[in-house]
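The basis for the numbers below is simple: all heavy atoms, side chains too, and nothing from hydrogens, waters or symmetry mates. Keep in mind that what you see is a predicted model, and the values were worked out from it rather than measured.
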Amino acid sequence: MKMAGRKKQLSTGNRLGMYAIAAIIAVLLTVLLVQSRSLRTENAAYAAQVDDLQQQLQDEEVRAEEIDELSEYLNSDEYVEKLAREKLGLVYEDDVIYRAAN
């Protein structure tokens, strides 16, 4: 009969150990779920930031193209001629000039 009592104690000890392991696993799973949710939130924020930065990059590329076009125009003969006519009042020799009578 001593053997039967001893078996009961071992099985009770095993049950307590199994409950402890189950509790530890439950805590670990809870921590993992919380961390997973936190990481998903951070990932969504980073994805939004990437979208914003890509839009800024596209805007700056368009702006750079506009600046290049303006630079080409400012270095062209057409712009120099326009500037000479409008600001300096210069004309070609064969141009006909009309002046308003006062």
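- Looking at Q55 and D59, their side chains do bring a donor and an acceptor atom within 3.5 Å of each other.
- In this structure, T30 contributes its side chain and A26 its backbone to a donor-acceptor pair below 3.5 Å.
- Taking CD of E60 as the reference point, atom CG of L57 lies at 8.5 Å (rounded to 0.5 Å).
- When all heavy atoms of Y73 and Y79 are compared, the closest pair comes out as O-CB, 3.1 Å.
- Remark: side-chain polar atoms of N43 are not paired, donor with acceptor, to backbone N or O of L39 under 3.5 angstrom.
- Residues I21 and M18 fail the side-chain proximity criterion, which asks for heavy atoms closer than 4.5 Å.
- Looking only at atom types and distance, the side chain of R40 has a donor-acceptor partner in the side chain of S36 under 3.5 Å away.
- In the hydrophobic clustering of this structure, L70 groups with L83; members are Ile, Leu, Val, Met, Phe, Trp, Tyr whose side-chain heavy atoms approach within less than 4.5 Å, directly or through other members.
- Taking hydrophobic clusters as Ile, Leu, Val, Met, Phe, Trp and Tyr residues chained together by side-chain heavy-atom distances below 4.5 Å, V80 does not share a cluster with Y92.
- With values rounded to the nearest 0.5 angstrom, L74 atom CG is found 11.5 Å from I67 atom CD1.
- Applying the salt bridge (charged side-chain N to carboxylate O under 4.0 Å, His left out) test to residues at least two apart or on different chains, the pairs with a partner in residues 65-83 are E81-R85.
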